[in-house]
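Data first, discussion second: the structure below is written as structure tokens.
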Amino acid sequence: KLDFLAKLDCSFSPAVAVDSKGSIFAAAAPGDRVLLVKANSDKHDTLFKTGGDTVTTLCVDDRDNIYAGVAADGKVWRYDAAKKTATVFFDSGQAHITSLWFCRADKRLYVGTAEKGAVYSIDDSGSARAEYQTSDHIVTGAVKDSKGNLFVATAGQGHLFKVKPSGESDTLATSEG
């Protein structure tokens, strides 16, 4: 049995995230809003807007800052939990942001893109570095393990790559479809 959490005024929510206090955030689609969900309520607050493009992915860092990846303009927005403001944090120069993940070990935000299938990592100051370029055009996920290996999942050909700290990569799996 599922319990009712909240009613959102959108067609669907492509992404959700939870901060350390248990607050729930949802992307509202279509549209550019990140919502603060109020449990057991028909009410919610718009935390911030990204300016017109659909938020496709969300994540929260170790200081409860909220990151929103956007389709159509390839930007990542950061809502600063302390300042209560949202600004563009990273512009990938690609069409879409398709995945976000915050690594607590190295305190970097990992960003997957669609168009060229790249993975970037970004430190708290906004300094970005290219981590991996796939042969596929859509990165659907990127995470790191405790040994520093980067794992990258893609759509299209449907690969799972392991990228070692040395930069050497191995294909761990491919889709059959």
Side-chain angles (χ1 to χ4, degrees), residues 2-81 84-104 107-122 124 126 128 131 134 136-144 150-156 158 160:
L2 297 176
D3 292 327
F4 175 79
L5 177 63
K7 184 175 181 179
L8 306 178
D9 67 340
C10 57
S11 296
F12 66 100
S13 179
V16 295
V18 178
D19 70 11
S20 67
K21 297 176 215 73
S23 298
I24 301 169
F25 306 94
D32 66 341
R33 296 175 299 145
V34 174
L35 307 176
L36 171 58
V37 178
K38 295 180 180 180
N40 302 311
S41 173
D42 287 346
K43 306 286 185 206
H44 55 271
D45 293 329
T46 297
L47 192 64
F48 68 94
K49 293 182 177 187
T50 64
D53 296 308
T54 300
V55 175
T56 55
T57 183
L58 294 171
C59 80
V60 178
D61 70 14
D62 59 345
R63 293 181 300 143
D64 286 339
N65 296 316
I66 301 150
Y67 297 88
V70 178
D73 72 0
K75 293 178 182 165
V76 175
W77 285 70
R78 176 170 66 181
Y79 178 83
D80 187 305
K84 309 282 189 230
T85 59
T87 57
V88 173
F89 182 63
F90 173 68
D91 185 345
S92 71
Q94 295 189 43
H96 308 289
I97 302 299
T98 50
S99 69
L100 294 173
W101 179 69
F102 182 76
C103 180
R104 293 185 185 282
K107 304 226 181 277
R108 296 183 74 83
L109 178 70
Y110 286 79
V111 178
T113 67
E115 184 180 358
K116 297 179 183 174
V119 177
Y120 302 93
S121 71
I122 308 156
D124 188 55
E131 294 286 344
T134 72
D136 296 334
H137 73 280
I138 301 172
V139 172
T140 57
V143 297
K144 279 183 113 173
L150 178 67
F151 295 87
V152 179
T154 67
L160 175 60

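Only a predicted model underlies this, so the values are computations on that prediction, with no experimental measurement involved. In what follows, every heavy atom counts, from backbone to side chain, and hydrogens, waters and symmetry copies are set aside.
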Taking every heavy atom of I97 against every heavy atom of K75, the minimum-distance pair comes out as CG1-O, 3.4 Å
Handout entry: Whether W101 and Y110 hold their rings parallel, tilted or perpendicular, with breakpoints at 30° and 60°
Key = tilted
Output, in order, the C-alpha distance, side-chain angles, deciding distance and verdict of side chain to side chain contact (heavy atoms under 4.5 Å, CB included) for F25 and L47. CA-CA 8 Å; F25 306 94; L47 192 64; 3.7 Å; yes
L150 and E131 have their tightest heavy-atom pair at CD2-CB, 3.9 Å
(Q) With side chain to side chain contact (heavy atoms under 4.5 Å, CB included) as the criterion, how do V111 and I122 come out once you've worked through the C-alpha distance, each side chain's angles and the decisive distance to 0.1 Å? (A) CA-CA 8 Å; V111 178; I122 308 156; 3.6 Å; yes
For A26 and L8 the tightest heavy-atom approach is CB-CD1, 4.0 Å
- Query: Counting distance only, does the side-chain N/O of S11 pair as donor-acceptor with the main-chain N or O of P30 below 3.5 Å?
  - Reply: no
Correct closest heavy-atom pair for D124 and F89 would be O-CE1, 3.7 Å
For residues 49-59, the side-chain hydrogen bond (donor to acceptor under 3.5 Å, both in side chains) pairs (sequence neighbours left out) are none
So CG of L36 and CG of D45: to nearest 0.5 Å the spacing works out to 5.5 Å
Would the distance check show the side chain of S13 and the main-chain N or O of A15 forming a donor-acceptor pair, the cut-off being under 3.5 Å?
yes
side-chain hydrogen bond (donor to acceptor under 3.5 Å, both in side chains) pairs touching residues 84-96, sequence neighbours excluded, are Q94-T113, Q94-Y120
Q. Going through the checks in order, is the side chain to side chain contact (heavy atoms under 4.5 Å, CB included) test met by V152 and L160?
A. CA-CA 6 Å; V152 179; L160 175 60; over 6 Å; no
Between T140 and S99 the two heavy atoms that sit nearest each other are O-CB, 3.5 Å
When rounded to the nearest 0.5 Å, the distance separating CD1 of I66 from CG of L100 is 12.5 Å
Sorted by chain and residue number, the side-chain hydrogen bond (donor to acceptor under 3.5 Å, both in side chains) partners of D62 (sequence neighbours excluded) come out as K107
*Within the distance-only criterion (no hydrogens, no angle test), does the side chain of R108 pair as donor or acceptor with the backbone N or O of S121 below 3.5 angstrom?*
yes
Handout entry: Stepwise side chain to side chain contact (heavy atoms under 4.5 Å, CB included) check, H44 with I24
Key = CA-CA 10 Å; H44 55 271; I24 301 169; over 6 Å; no
d(H137 NE2, E115 CD) to nearest 0.5 Å is 9.5 Å
All heavy atoms of A142 vs all of V119, minimum pair found to be CB-CG1, 4.0 Å
